[in-house]
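To start, the structure itself, in structure tokens.
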Amino acid sequence: MITEPRGSAKVVRTISQNEHRQRRQQLATEIGNDGVLLLPAAHEQLRNQDVHYPFRQNSDFLWLTGFPEPDAVALLIPGRSRGEYVIFCRPRDPERELWDGRRYGTEGARRHFRASQAYPLDELETKLPELLLGRQRLFVPFGRDDAFDLRVMRWLRSARSQARTAGRCVPTELIDASELLHPRRQIKTPAEQQLMRQAAQISAQAHRVLMQQVQPGLNEQMLASAFGAACGEQGAPEQAYPPIVAGGANACILHYTENNARLKDGDLVLIDAGCELEGYASDITRTLPVNGRFSPPQRQLYELVLAAQQAALTKARPGQTWETLHRAAVQVLTRGLIDLGILPQDTRSLAKRIKAEDYKPYYMHRTGHWLGLDVHDVGNYRHNKRWLPFEPGMTLTIEPGLYIAPDAAVDACYRGIGIRIEDDVLITADGHEILSQAAPKTVAEIEEIISA
Ligand code: GLY
Ligand code: MN
Ligand code: MN
């Protein structure tokens, strides 16, 4: 861990600048001396008038540079004699800094972020095209942001006109930078693993705090706010996504974010919330009885989802895939739904019923997703039509659920119940580590904490 002075403030980062430099060196080898990588930082987004949404750096840019400011552009130019890593960023500006906060400036970008060269943003249009000269292949994200695509084309046009007199080539091949970056982002380094472990522990502790607070009559918003406060108090003020606090049948809306209803005695409340720590996400769901006791039907469904999660967890090891993990969960859920009479008995085999997706009305999402700098992290699930085998260092969620709509044609006692149990998992050499282990999830544990 290093501390970076920035004006009078200290910025503490777990991912060291050495690690960022190693990432760039590895990429430079892969790109080769005929290529160049160009990556944009995120921009501030207006919410209204002159008020912005909270700024979040672009994940690829953050992974490569660690540089936290908007509007910057980074280039990686392998083998360049004057330095491989060039950054354009906002210059120091006492007037703007007085209003909007501190900036590193070009000097800070060199000193703290190891840029070989740093230029102010207003030199972008004149200097950047020149940096593309002599390179045949341009690695750049495209097809995501129209305005950025246009800028890239403009820089290429300008480089081309310079190339005619300079007698040097310009990139003729465009390669989506995600092809290069995302497979690397998918395998987490030990420092990243540690950060994700910490993020998950903070969120797990915040879920525990909510278990101590939940009670009938409370507004969903109270729990959402308490979650943010509990994370902030532990040093993680950002959330990885808008929290979902869904009482009763609201839990059957998968991405419910209204979070403004009162919790009712006898209902469950589904809480899907996770902090972000230095850019890395956690993503945990717990489902709690509002009054501290699961009713028998709630408990039947809860134990079923928990059993499905346990089955999926047995597949969280190298060599297994996202698909085998999902199948394990679906098998337990389908069997259980038949046993409870929620799915009617019929003559087809379990395998046939799974193939026909009989479970889909009650379980309509996949059992997890990659987790990292993005909550739904980058990286393929399939490659060349084959499911990608898990490897040590991959991180994912395992989150089976059941959602019985209020008007479902099933026994009334099950209607309006939504349950999800979600944990964050790191694939290790011999299995997995549950990063969110500290969030209680058995019926006995949950009932004890709420009732205490
Ligand atoms: N919180 C979003 C998800 O569980 O995927
Ligand atoms: Mn998730
Ligand atoms: Mn979630």
Side-chain angles (χ1 to χ4, degrees), residues 56 59 185-186 188 196-197 199-208 210-211 220-221 223-228 230-231 236 238-247 250-259 268-277 279-288 302 305-306 308-310 312-313 315-316 322-323 325-326 328-330 333 362-381 390 394-403 418-427 432-441 446:
R56 169 56 160 73
S59 296
R185 276 180 55 190
Q186 203 168 19
K188 274 64 180 178
M196 292 186 66
R197 188 175 291 116
Q201 279 168 358
I202 290 171
S203 295
Q205 173 57 24
H207 274 277
R208 196 177 255 280
L210 299 201
M211 290 176 195
E220 292 165 346
Q221 190 51 236
L223 292 182
S225 304
F227 188 89
C231 294
E238 320 284 356
Q239 297 295 300
Y241 54 93
I244 297 168
V245 180
N250 291 339
C252 298
I253 301 167
L254 295 181
H255 289 165
Y256 174 81
T257 49
E258 291 168 40
N259 298 348
L268 297 177
V269 57
L270 181 155
I271 303 161
D272 183 346
C275 71
E276 182 177 285
L277 188 62
Y280 286 81
S282 58
D283 181 7
I284 303 177
T285 308
R286 290 293 181 263
T287 308
L288 317 173
Y302 188 89
V305 175
L306 193 57
Q309 203 208 30
Q310 294 300 350
L313 276 164
K315 305 294 182 188
W322 196 54
E323 175 64 6
L325 186 144
H326 180 61
V330 157
L333 291 176
Y362 311 114
Y363 182 46
M364 54 298 275
H365 59 76
R366 298 286 300 189
T367 303
H369 50 82
W370 303 129
L371 183 73
L373 280 168
D374 298 336
V375 62
H376 295 163
D377 206 27
V378 295
N380 288 331
Y381 292 95
F390 292 148
M394 290 177 166
T395 40
L396 64 150
T397 66
I398 301 189
E399 51 175 306
L402 282 174
Y403 313 91
I419 294 168
R420 179 162 64 253
I421 304 172
E422 174 172 33
D423 279 295
D424 302 346
V425 170
L426 164 70
I427 303 293
H432 64 259
E433 175 188 341
I434 303 177
L435 302 174
S436 47
Q437 184 77 51
K441 68 178 167 189
I446 289 175

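All ligand and atom numbering here is 1-based and tracks the order in the structure.
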Arg197 side, atom CZ; Gln437 side, atom CD - distance, nearest 0.5 Å
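So the gap between those two atoms works out to 12.0 Å.
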
Calculate, to the nearest 0.5 Å, the distance between atoms OH and CG belonging to Tyr302 and Leu268 respectively.
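So the OH of Tyr302 and the CG of Leu268 are separated by 9.5 Å.
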
Counting backbone and side-chain atoms alike, is an N, O or S atom of His369 positioned under 2.8 Å from the Mn ion (ligand 2)?
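Yes.
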
Using a 4.0 angstrom limit on heavy atoms, which residues are close to ligand 1?
Tyr241, Asp272, Asp283, His369, His376, Glu399, Glu422

Closest heavy-atom contact between Tyr363 and Glu399?
OH-O, 4.1 Å

Ignoring hydrogens and angles, tell me if any N or O in the side chain of [X] forms a donor-acceptor pair with the backbone of [Y] under 3.5 Å.
X      : Y      : answer
His432 : Lys315 : no
Glu220 : Glu258 : no
Thr397 : His369 : yes
Arg286 : Glu422 : yes

Is the shortest side-chain N to carboxylate O distance from Glu323 to Arg366 below 4.0 Å?
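Looking at Arg366 together with Glu323, the answer is yes, because their closest N to O distance falls below 4.0 Å.
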
Between Glu238 and Arg56, is there a side-chain N and carboxylate O pair less than 4.0 Å apart?
no

Any chance the side chains of His365 and Tyr403 put a donor and an acceptor closer than 3.5 Å?
yes

Closer than 2.8 Å to the Mn ion (ligand 3), what protein N/O/S atoms do you find?
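Result, waters dropped: Asp272 OD1, Asp272 OD2, Asp283 OD1, Glu422 OE1.
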
